[in-house]
Undergrad: 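Starting off with a structure, shown below.
Basis for what follows: all heavy atoms, side chains included, without hydrogens, waters or symmetry-related copies. Order of the sequence lines fixes the chain letters, A, B, ..., with proteins taken first and strands second; residue numbering starts at 1 for each chain. None of the values given here were measured: they were computed from a predicted structure.
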Amino acid sequence: MSVMPHEFYKRDTVEVAKDLLGCKLVRKTEGKTLSGIIVETEAYTQDDPACHAYRGETPRAATLFKHPGIAYVYFIYGMYNCFNAVAHPEGKAGGILIRALETVYAVKKTNGPGKLCKALNITRELNEIDLTNPASELYLEIGESVPENKIITTTRIGIKNGCDYLWRFYIKDNPYVSRK
DNA sequence: GATAAGATGTTA
DNA sequence: AACATCTTATCA
């Protein structure tokens, strides 16, 4: 069991999004440890009209410009949190929306970014937490690598701008992905 | 200070 | 297909 180093996140955002499939998300909360395998991701970069960082460094999007390997948690639609991993080459901005987990312990359904955060008790208090430190309440571990032919590439969900980008990735035939 | 839209999920 | 519900950004 070991975490991915900062260098893992300091690469092209789309590449990292693909590589995050099969990795393990660990969440320590209320004395318990919850974890699951990432089965669905979406990439968002600075040059992408759908990305929060597209229009520059606003107060909310500032996290996406910070050091790769930290968390970006934001609030949407009045009731849901969404969890992202910040990942981009030096001097750029970008993040990866974690959309679904395959649960390994008894965790509630996590097929969708809002439900995922609710199930793992992820809130904006965890914004900018270090995902490369096993002492964090939230971090990512190296998991099983997913063979290329099991990775499905498709369009992202729930956005109008940039909807033609093929930047959503999920594991083929996995029952835990959202919007089957 | 006001307003419109949003990386969603549930219900009908 | 409607709606619950509130932050953020973009105006004035």
Undergrad: Quiz question: by atom type and distance under 3.5 Å, do the side chains of A:Ser178 and A:Glu40 form a donor-acceptor pair?
TA: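 The answer is yes; a qualifying pair exists.
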Undergrad: Looking at every strand, decide which applies to A:Gly78 at a 4.0 Å heavy-atom threshold: base, sugar-phosphate, or nothing.
TA: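 Base contact - A:Gly78 has a heavy atom under 4.0 Å of at least one base atom.
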Undergrad: Given C:dT5, C:dA9, B:dA7, which nucleotide is nearest the side-chain atoms of A:Pro59?
TA: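 Of the candidates, C:dA9 comes closest.
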Undergrad: Counting only N and O atoms by type, is there a donor-acceptor contact under 3.5 Å from the side chain of A:Arg156 to the main-chain atoms of A:Ala43?
TA: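 Yes, A:Arg156 side chain to A:Ala43 backbone: donor-acceptor pair under 3.5 Å.
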Undergrad: What nucleotide among C:dA9, C:dA4, B:dT8 has an atom nearest to a side-chain atom of A:Arg99?
TA: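 For A:Arg99, the side-chain atoms sit closest to B:dT8.
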Undergrad: Give none if B:dA7 has no partner; otherwise give the nucleotide forming a Watson-Crick or G-U wobble pair with it, both distances under 3.5 Å.
TA: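 No nucleotide pairs with B:dA7.
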Undergrad: May I ask you to evaluate whether A:His52 reaches the phosphate of B:dA7, defined as a side-chain N or O under 4.0 Å from OP1 or OP2?
TA: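 Yes, A:His52 has a side-chain N/O under 4.0 Å of OP1/OP2 on B:dA7.
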Undergrad: What is the distance, rounded to the nearest whole Å, between atom CE of A:Met79 and atom C1' of B:dT10?
TA: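 Value for this atom pair: 9 Å.
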Undergrad: For A:Arg60 and C:dC6, what is the distance between atoms CZ and P respectively, to the nearest whole Å?
TA: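 Distance, rounded to whole Å: 16 Å.
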Undergrad: If pairing requires Watson-Crick or G-U wobble contacts with both distances under 3.5 Å, which nucleotide is the partner of C:dT5?
TA: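 In the structure as shown, C:dT5 has no Watson-Crick or wobble partner.
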Undergrad: Rounded to the nearest angstrom, tell me the gap between atom NZ in A:Lys160 and atom P in B:dT8.
TA: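 Rounding to the nearest Å, NZ of A:Lys160 and P of B:dT8 are 11 Å apart.
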Undergrad: For the side chain of A:Pro113, starting at C-beta, report the closest nucleotide among B:dT8, C:dT8, B:dG6.
TA: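 Taking heavy atoms from C-beta onward, the closest nucleotide is B:dT8.
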Undergrad: Between A:Arg156 (CZ) and B:dA7 (P), how many Å, whole number?
TA: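 Rounded to whole Å, this separation is 10 Å.
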Undergrad: To the nearest angstrom, how far is A:Asn161 atom CG from C:dA9 atom C1'?
TA: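 My rounded result for the distance is 14 Å.
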Undergrad: Checking the side chain of A:Arg11 only, and the main-chain atoms of A:Pro89 only, is there a donor and an acceptor separated by less than 3.5 Å?
TA: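 Not at all, since once roles are kept as given, no pair shorter than 3.5 Å links the two residues.
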Undergrad: Between B:dT8 atom P and A:Ile98 atom CD1, what is the distance in whole Å?
TA: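 So the CD1-P distance, A:Ile98 to B:dT8, works out to 14 Å.
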Undergrad: So if I take every side-chain heavy atom of A:Tyr77 and compare against B:dT8, B:dA7, C:dC6, which nucleotide ends up nearest?
TA: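 The nucleotide sitting nearest to the side chain is B:dT8.
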Undergrad: When the nearest nucleotide of DNA chain B is assigned to A:Ile76 and to A:Lys115 on a heavy-atom basis, which residue is associated with the more 5' position?
TA: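 On the 5' side of the pair lies A:Ile76.
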Undergrad: Quick one: A:Arg55 CZ to B:dA7 P, roughly how many Å, whole number?
TA: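 So the two atoms are 11 Å apart, to the nearest Å.
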Undergrad: Centroid-to-centroid, A:His52 to A:Tyr44, below 6.0 Å?
TA: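 No, they do not, as the ring centres are separated by 6.0 Å or more.
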Undergrad: Stacking between A:Tyr44 and the base of B:dA7 (centre distance under 5.5 Å, interplanar angle under 30°)?
TA: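 Yes; by the centre-distance and plane-angle rule, A:Tyr44 counts as stacking on B:dA7.
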Undergrad: Is there a donor-acceptor pair closer than 3.5 Å between any side-chain N or O of A:His88 and the backbone N or O of A:Leu64?
TA: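 Between the backbone of A:Leu64 and the side chain of A:His88 there is a qualifying donor-acceptor contact (under 3.5 Å).
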Undergrad: When you check the phosphate oxygens OP1 and OP2 of C:dT7, does a side-chain N or O of A:Arg124 lie under 4.0 Å from one of them?
TA: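 So the side chain of A:Arg124 is outside the cut-off, no N or O lying under 4.0 Å from OP1 or OP2 of C:dT7.
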Undergrad: For the pair made of OH in A:Tyr74 and P in C:dT5, what is the distance, rounded to whole Å?
TA: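 In whole Å, C:dT5 P and A:Tyr74 OH are 20 Å from each other.
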Undergrad: Which nucleotide wins on minimum distance to the side chain of A:Tyr72, given the candidates C:dA4, B:dA7, C:dT7?
TA: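 It is B:dA7.
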Undergrad: Run the salt bridge (Lys or Arg N to Asp or Glu O under 4.0 Å) test on A:Lys150 and A:Asp173 for me, step by step, so that the C-alpha distance in whole Å, both residues' side-chain angles and the decisive distance to 0.1 Å come before the verdict.
TA: CA-CA 8 Å; A:Lys150 290 207 73 176; A:Asp173 296 329; 5.9 Å; no
Undergrad: Among B:dT8, C:dA9, B:dA7, which nucleotide has an atom closest to any side-chain atom of A:Tyr80?
TA: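 Nearest to the side chain of A:Tyr80 among the choices is B:dT8.
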